[in-house]
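Owing to the predicted nature of the structure, the values given are computational and were not obtained by experimental measurement.
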Amino acid sequence: MSVIVLRAKALLLDMDGTLIKSTAGVETVWRQWCQHHGLAPEPVLAMCHGVRAREIIEALAPWLDMEQEMARLDELELRHGGVAEPIEGVSALLHGLPAARWALVTSASKRVARGRLTDAGLPQPGLMVGGDDVVRGKPDPEPYLLAATRLGLDPADCLVFEDAPAGIASALQAGCRVVQVGGTRLHHDRASGWIPDWRRVQVTDEVEGLRLMLSEQCEPLPS
């Protein structure tokens with residue numbers, strides 16, 4: 001294990017799998033959606049993590065009415081998304097972080113994201129970029145570029161925390177630095193760090209920005 005120090009003017013944070021343990025809930029929703037339409041779930045489950053529902057539907061069921069299906073999925077998320085449980089250590093970190101120093105960048109709709117954060121006992125961000133705010137979702141860089149622009153920052157001054165390959169690719173293409181949260185292997189060799197959870201992150205708010213000390217994951221986590 002090694003300790004690394006990073007500086008940033010703001011943190012851009014993914015939600016599912018990064019702040020909240022939601023893998024099981026997300027997969028439950030997509031299985032129910034597939035069952036409703038008589039579709040095999042395996043192709044959907046293979047691409048649903050970190051990617052907007054819109055991209056999944058366009059790729060695997062383009063004949064469906066997009067807006068109707070987006071509304072259907074939002075309702076399924078709200079009713080059957082499971083218990084929103086925060087990743088270890090994230091609650092204390094976010095409650096101690098100034099609202100102006102972080103933003104949420106998620107593939108979920110803002111409606112779903114707000115509900116999930118509330119259920120998990122996490123604070124609402126001062127700025128949220130949801131899947132319904134962008135034309136192109138992750139892995140396209142648009143979500144992170146939009147978040148940096150709305151904060152009035154250069155993407156290079158933002159540090160992203162992400163768990164999924166699509167989100168990591170989105171952030172790197174936007175010009176942000178990225179720390180991977182969780183996983184059994186490092187998804188990209190350009191990641192600036194890799195942590196198993198938030199208990200190994202210490203953040204200090206200084207005049208010139210945030211100073212982060214990370215106890216980095218050096219070996220693959222157990223499956």
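- Distance CD/Q68 to CG/L73: 11.0 Å, rounded to 0.5 Å.
- Atoms CD1 and CG, from I168 and D163 in turn, are 7.5 Å apart once rounded to the nearest 0.5 Å.
- Between V90 and L13 the shortest side-chain heavy-atom distance does not fall below 4.5 Å.
- Within the 4.5 Å cutoff, no side-chain heavy atoms of V201 are placed close to those of V179.
- A distance of 6.0 Å separates CH2 of W198 from CG of L19, quoted to the nearest 0.5 Å.
- Contact record, A174 with P141: N-CB, 3.6 Å, taken as the closest heavy-atom pair.
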Below 3.5 Å, can you tabulate the donor-acceptor pairs from side chains in residues 147-156 to any protein atom, sequence neighbours excluded?
from: T149; atom 1: OG1; to: L145; atom 2: O; distance (Å): 2.9
from: D154; atom 1: OD1; to: A156; atom 2: N; distance (Å): 2.8

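- Every pair tested for ring-ring contact (aromatic ring centres under 6.0 Å, His included) that includes a residue from residues 106-126 fails, sequence neighbours excluded, so the list is empty.
- Using modelled atom types, no side-chain atom of Q202 and backbone atom of M213 make a donor-acceptor pair closer than 3.5 Å.
- Judged as a ring pair (Phe, Tyr, Trp, His ring centres under 6.0 Å), and not counting sequence neighbours, the contacts of W33 are W30, H37.
- Clustering ILVMFWY residues whenever any of their side-chain heavy atoms sit less than 4.5 angstrom apart, transitively, puts V29 in the very cluster that holds L39.
- Judged purely by atom type and a 3.5 angstrom limit, Q35 has no side-chain atom pairing as donor or acceptor with the backbone of P41.
- Each salt bridge (charged side-chain N to carboxylate O under 4.0 Å, His left out) pair with one or both residues in residues 169-182, not counting sequence neighbours, would appear here, but there are none.
- Rounding to the nearest 0.5 Å places CZ of R211 at 6.0 Å from CD of E206.
- Residue pairs satisfying the ring-ring contact (aromatic ring centres under 6.0 Å, His included) criterion with at least one member in residues 87-136, sequence neighbours excluded, are absent.
- Distance CD1/I4 to CG/L214: 5.0 Å, rounded to 0.5 Å.
- Annotation: side chain of H188 is in contact with side chain of L172 (closest heavy-atom distance under 4.5 Å).
- A donor-acceptor pair under 3.5 Å is formed between the side chain of S170 and the backbone N or O of D140.
- Ion pairing between a basic and an acidic side chain is recognised when a charged N comes within 4.0 Å of a carboxylate O; R72 and E75 show no such pairing.
- Residues S215 and I195 form no side-chain contact, since every pair of their non-hydrogen atoms from C-beta on lies 4.5 Å or further apart.
- Using a 4.0 Å cut-off between charged nitrogen and carboxylate oxygen, E88 and R200 do not count as a salt-bridge pair.
- Within the 4.5 Å cutoff, side-chain heavy atoms of R31 are placed close to those of L45.
- Listed for the E162 side chain is no donor-acceptor partner under 3.5 Å among the backbone atoms of A171.
- The CD1 atom of I87 lies 10.0 Å from the CZ atom of R199; values are rounded to the nearest 0.5 Å.
- Pairing each heavy atom of V129 with each of P143, the nearest pair is CG1-O, 4.0 Å.
- Here the side chains of D132 and M70 are not in contact, with every heavy-atom distance at 4.5 Å or above.
- Scanning both residues, A8 and L159, for their nearest heavy atoms gives CB-CB, 3.7 Å.
- Annotation: salt bridge (charged side-chain N to carboxylate O under 4.0 Å, His left out) contacts involving residues 43-63, sequence neighbours excluded, comprise R52-E55, R54-E67.
- Between R116 and D16, at least one side-chain N (NZ, or NE/NH1/NH2) sits under 4.0 Å from a carboxylate O, which counts as a salt bridge.
- A side-chain donor from one of T118 and Q124 sits under 3.5 Å from a side-chain acceptor of the other.
- Contact of the D14 side chain with the V181 side chain is not registered, since no non-hydrogen atoms from C-beta on lie closer than 4.5 Å.
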